Amino acid sequence: MARVVVDPIPRIEGHLRIEVEIQNGKVKDAWSSGTLFRGLEIILQGRDPRDAHLLTQRSCGVCTLVHSLASVRAVEDALKVKIPPNARIVRNLTHAAQNMHDHSVHFYQLCALDWVDVVSALSADPKKTADLSAAVSGRPQSKKYYEGLKGKLKAFVDSGQLGPFANAYWGHPDYKLPAEANLMAVGHYLDNLRQQVHAAQMTAIWGAKNPHLQGHLPGGVTVVSQLDADRISQYLFMLQEQIKFIEEVYIPDLLAVAGFYKHWGAIGGNKSFLAYGDFPLSDKEPESFYFPRGAIMDGKLALVKVDPQKITEEVYHSWYEGDKPLHPSVGETKPLSGPALKGAVPNTKDKDGKYSWIKAPRYDGKAMEVGPLAQCLVSYVGGNKEIKDTVDMVLKKLDLKADALFSTLGRLAARGIKCLVNAKAAEKWTMDLIENIKKGDTRTFTSYKLDETTNGQGFGLNDVARGSLGHWVNIEKGKIKNYQQVVPSTWNLGPTDAKGQKGPVENALIGTPVADPKKPLEILRTVHSFDPCIACAVHVIDPETNEVYKFRVS
Amino acid sequence: MDKSFDVPERLALKGVSRRDFMKFCGLMATVLGLPMSFAPRIAEAVAKKRPTVVWLHFAECTGCTESFIRTTYPWAADIILDIIDLAYHETVMAAAGDQAEQILEDTVKKNKGKYICIAEGGIPTKDKGVYGKVHGKTFIDIANHVCKNALATICVGNCACFGGVQAAKPNPTEAKSVAEVTGLKTINVAGCPPNADNMVATVVHYLLLGKLPALDDKGRPLFAYGYLIHDNCPRRGHFENEEFVKEFGDEGAAKEWCLFKVGCKGPEAHNNCPQIKWNQGTNWPIGAGHPCIACSEPQFWDKSSPFYVGS
């Protein structure tokens with residue numbers, strides 16, 4: 001039996017350490033640890049509640065914007081403020097653009113290299129690559145283009161300065177794409193770096209800048225005169241450009257790559273899913289959400305109603321004080337310090353060992369996977385026709401049954417599906433914005449009173465790029481008394497609980513085949529399929545214990 | 001590397017025309033405050049060599065990396081693959097675990113005193129820094145090893161420059177800046193995050209002139225942080241005329257009047273946002289009707305908050 005530690009996990013946000021125990025070529029047990037603690041919830045105490053959205057947005061610069069959204073919603077809930085329709089639509093449009101950015105960057109920059117062998121691309125035939133791109137891609141390239149790309153790659157490799165491509169698991173037996181598909185994917189990897197710039201630009205149209213937008217605040221949005229024809233048309237035209245990229249490049253690539261990795265439709269799955277839902281189409285929440293709220297329990301494709309009171313967090317295996325599961329409205333963030341922290345070295349050996357800065361959230365006592373797969377499954381059974389049609393189309397094209405969705409492959413497919421459906425819906429919401437402005441409604445902000453007599457409790461539940469995100473705020477005498485964030489990567493990357501129930505990533509890793517413990521590519525695949533974001537979730541560290549099998553490959 | 005294969009030629013293969021490339025060089029000349037006649041020299045400088053860069057992540061949110069990849073002319077891919085040798089960067093690199101650590105060790109060893117270190121994030125120091133580790137090593141140890149062996153350390157973002165958001169009161173992990181922890185004099189490209197153009201310009205300045213740019217007393221390049229937002233704000237006239245937004249969404253907000261009375265910190269913030277704006281010139285905070293929060297100033301989370309004034 002071998003213990004393998006992968007630290008750092010690259011191509012994620014933040015500092016994550018994954019440890020697995022391998023027996024007979026498969027993962028027998030797994031531990032997910034966050035290795036950084038920053039303490040934002042402690043820093044928020046005593047501050048002006050309106051400042052929380054700026055500060056919490058710094059939880060993460062990759063899923064930027066979304067903490068700002070969750071925070072303004074939580075404070076609005078506490079202050080009983082209803083925002084005007086224009087503000088709601090502008091927030092939806094900006095959030096949709098952020099998803100287009102985030103999902104495509106995940107596919108191409110963060111996870112593609114787990115499935116695409118860059119070195120193999122060097123042996124591709126440019127003519128055959130051009131033929132392949134003509135057959136599968138909506139944006140075919142010429143033989144000349146692929147000759148150039150291959151030449152460029154070769155010069156890069158020959159230079160000996162391999163930069164970000166150095167020392168990876170190239171040549172691993174589970175890289176299944178033909179050389180030509182690898183070369184085509186490398187081209188799109190580079191194209192995506194350009195496309196994401198424009199997606200981010202869309203969020204800046206009304207959000208000032210990206211990363212870390214400055215256009216929201218409790219009560220609405222700050223733009224007023226900029227809701228003009230010029231900027232609306234800029235958004236719309238850039239949106240159409242994004243939709244074209246998703247339809248012509250992202251989805252075809254997803255289908256082409258998935259076609260070679262169908263066996264991953266039976267690896268890395270979970271059974272229970274939670275989606276808070278998002279994109280309010282009126283001021284009725286959650287009833288008007290475009291992506292509905294709900295849960296899927298124990299692999300049964302049926303919608304279960306969500307009660308936010310059933311959400312708890314516990315710290316049995318985390319480096320915090322506390323001995324029982326707590327609802328976030330009364331949640332605590334009391335990090336261990338000094339000798340009690342024992343150097344924050346992950347202890348995965350002892351039954352009650354602490355090994356992560358991430359807490360363990362549970363719904364009704366259960367570990368729940370969140371993210372695009374959860375959103376797609378809940379939307380599928382919750383009446384979102386566009387999601388249902390797109391999921392059915394993808395399953396049909398790949399000749400897979402619905403149960404294949406409960407997997408690493410299903411997770412990657414769901415992200416692309418949601419990205420496409422979300423982008424197309426944003427086109428309609430842009431028209432809603434135009435109609436509302438045409439009616440003469442120019443309001444973007446609802447005023448409210450906030451002073452030393454203000455008290456209130458509230459929460460904001462959102463479904464963002466990485467999954468269900470909740471902020472809970474308690475305001476006393478106009479200041480933040482308590483603030484808790486339960487974020488998507490806390491749900492997914494959190495540790496085992498007191499009952500011994502594994503977190504979703506840990507559970508998904510169990511049973512994963514690992515062909516070569518020195519090149520644990522398969523572990524990266526499943527971990528990356530969750531799109532971890534550890535600065536949000538908190539962070540991890542690596543021990544240098546003797547039992548741990550340290551692998552080194554040149 | 002293949003020396004006969006120059007940058008414009010390599011870029012051309014990926015569809016970046018020489019015109020695009022010169023446009024970038026022109027932009028850099030503008031950001032750096034150099035006459036446009038310098039553009040060809042910038043082109044020459046970046047075409048000559050690929051310096052090795054190690055990019056470290058400490059206590060941060062990766063927003064600075066994200067900001068960096070918003071650059072155009074050249075695009076991030078062109079910088080990463082053609083202009084610099086980005087040997088280590090956890091968010092983009094393919095290698096994982098021990099193989100990643102191996103790259104870092106080898107790079108420091110082989111290029112001792114010759115590589116540029118870019119640091120993103122603050123460094124927790126409480127309990128000997130155990131609140132932040134990579135590969136079992138504390139950020140303190142990593143910074144002391146990697147930054148101290150570099151030719152120069154460029155801090156990107158308020159966290160690496162000044163401690164950042166985790167250093168805000170009560171600073172639960174006693175987070176500090178890279179300079180405070182290592183004792184090094186760092187170049188501080190401040191902001192939360194810094195604008196991509198300013199990050200790229202700092203590197204280009206070095207490549208062009210063979211030295212680092214002139215800095216202010218906080219280590220910030222003067223070309224970007226030499227002026228107050230307030231001095232270059234397009235709403236400055238309204239400030240002088242005492243035309244103020246009194247509440248968000250009011251008549252003044254619709255008329256794009258001065259945001260000073262709802263909390264704007266433009267008068268104390270050194271940055272070039274009004275001149276270069278964000279995301280290909282799309283917008284910037286005051287442009288979107290939001291007060292400046294002085295995100296390029298040390299300890300702005302405490303010194304400039306509350307960010308909104310009045311109710």
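Proteins come first, then strands; the chains are lettered A, B, ... in the order of their sequence lines, and each starts at number 1. All values derive from a computational prediction rather than experimental measurement.
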For chain A, find which of B:Met93, B:Gln166, B:Lys255, B:His290 contributes the most heavy-atom pairs closer than 4.5 angstrom.
-> B:His290
Residues A:Leu110 and B:Thr91: closest non-hydrogen pair is CD2-O, 3.6 Å
Select one option (side chain, backbone, both, neither) describing which atoms of B:Cys192 are under 4.5 Å from chain A's heavy atoms.
-> both
Parallel, tilted or perpendicular: which describes the rings of B:Tyr131 and A:Phe37, with under 30° parallel and over 60° perpendicular?
-> tilted
Enter the distance from A:Trp206:CH2 to B:Thr282:OG1 here, rounded to the nearest 0.5 Å.
-> 12.0 Å
Using non-hydrogen atoms only, which part of B:Glu66 is less than 4.5 Å away from chain A: side chain, backbone, both, or neither?
-> both
Looking only at heavy atoms, the pair that brings A:Asp7 and B:Gly136 closest together is OD2-N, 3.6 Å
Please answer whether the main-chain N or O of B:Ala100 pairs with a side-chain N or O of A:Asn167 as donor and acceptor at a distance below 3.5 Å.
-> no
Could you go step by step and tell me if A:Gln214 and B:Trp278 meet the side chain to side chain contact (heavy atoms under 4.5 Å, CB included) rule?
-> CA-CA 11 Å; A:Gln214 248 166 275; B:Trp278 283 79; over 6 Å; no
To the nearest 0.5 Å, atom CZ of B:Phe307 lies from atom CG of A:Leu54 at 6.0 Å
Chain B shares the most heavy-atom pairs under 4.5 Å, among A:Ile12, A:Leu217, A:Ile205, A:Thr64, with A:Leu217
Quick one: closest heavy-atom pair of A:Leu113 and B:Ala94, and the distance?
-> CD1-CB, 3.8 Å
Residues in side-chain hydrogen bond (donor to acceptor under 3.5 Å, both in side chains) with A:Ser337, at least two apart?
-> none
With a 4.5 angstrom heavy-atom cut-off, could you sort out which part of B:Thr173 is near chain A: side chain, backbone, both or neither?
-> side chain
Taking atom CD of B:Gln99 and atom OH of A:Tyr169, what is their separation to the nearest 0.5 Å?
-> 4.5 Å
Using a strict 4.0 Å threshold on nitrogen-to-oxygen distance, state whether B:Asp302 and A:Arg47 make a salt bridge.
-> yes
So, the part of A:Val197 with a heavy atom under 4.5 Å from chain B: the answer is both
Taking all non-hydrogen atoms of both residues, which atom of A:His212 and which atom of B:Pro193 are closest, and how far apart?
-> CD2-CD, 3.8 Å
Checking heavy atoms, do the side chain of B:Leu259, its backbone, both or neither come under 4.5 Å from chain A?
-> neither
Check side-chain hydrogen bond (donor to acceptor under 3.5 Å, both in side chains) between A:Thr333 and all other residues, then give those that pass, not counting sequence neighbours.
-> A:Glu41, A:Lys359, A:Gln484
Minimum heavy-atom separation for A:Ile42 to B:Pro170, with atom names?
-> CG2-CG, 3.9 Å
Could you look at B:Asn279 and say if it's the side chain, the backbone, both or neither that has a heavy atom under 4.5 Å from chain A?
-> both
If you measure from OG1 on B:Thr52 to CD on A:Gln161, what distance do you get to the nearest 0.5 Å?
-> 5.0 Å
Of the backbone (N, CA, C, O) and the side chain (C-beta and beyond), which part of A:Arg231 lies under 4.5 Å from a heavy atom of chain B, both, or neither?
-> side chain
Part of B:His57 within contact of chain A (heavy atom distance under 4.5 Å) | both
List the steps and the verdict of side chain to side chain contact (heavy atoms under 4.5 Å, CB included) for B:Arg70 and A:Gln196.
-> CA-CA 8 Å; B:Arg70 307 289 186 264; A:Gln196 60 86 23; 3.1 Å; yes
Part of A:Gln45 within contact of chain B (heavy atom distance under 4.5 Å) = neither
Give the member of A:Val221, A:Val224, A:Asp114 that has the highest number of heavy-atom pairs under 4.5 Å with chain B.
-> A:Val224
To the nearest 0.5 Å, what is the distance between CG (B:Leu81) and CG (A:Leu162)?
-> 11.0 Å
Heavy atoms only: give me the nearest B:Pro172-A:Gly39 pair and the separation to one decimal.
-> CG-O, 3.8 Å
Heavy-atom distance under 4.5 Å to chain B: side chain of A:Ile43, backbone, both or neither?
-> both
Chain A contact via B:Ala254 - side chain, backbone, both or neither, heavy atoms under 4.5 Å = both
Heavy-atom distances under 4.5 Å only: say whether A:Leu336 touches chain B with side chain, backbone, both or neither.
-> backbone
Largest heavy-atom contact set with chain B, pairs under 4.5 Å, which of A:Pro339, A:Pro335, A:Ala200, A:Gly207 = A:Ala200
Apply the test side chain to side chain contact (heavy atoms under 4.5 Å, CB included) to residues A:Val5 and B:His135: give CA-CA distance (whole Å), side-chain angles for both, the deciding distance (0.1 Å), then the verdict.
-> CA-CA 9 Å; A:Val5 173; B:His135 204 75; over 6 Å; no
Heaviest contributor of heavy-atom pairs below 4.5 Å to chain B, chosen from A:Leu213, A:Thr444, A:Leu55, is A:Leu55
Checking heavy atoms, do the side chain of A:His53, its backbone, both or neither come under 4.5 Å from chain B?
-> side chain
In terms of heavy-atom pairs under 4.5 Å, which option from A:Gly187, A:Gly163, A:Ser447, A:Pro10 contacts chain B the most?
-> A:Pro10
Measure distances from A:Leu524 to the heavy atoms of chain B and classify the residue's part below 4.5 Å as side chain, backbone, both or neither.
-> side chain
Side chain / backbone / both / neither for A:His216 at chain B, heavy atoms under 4.5 Å | backbone
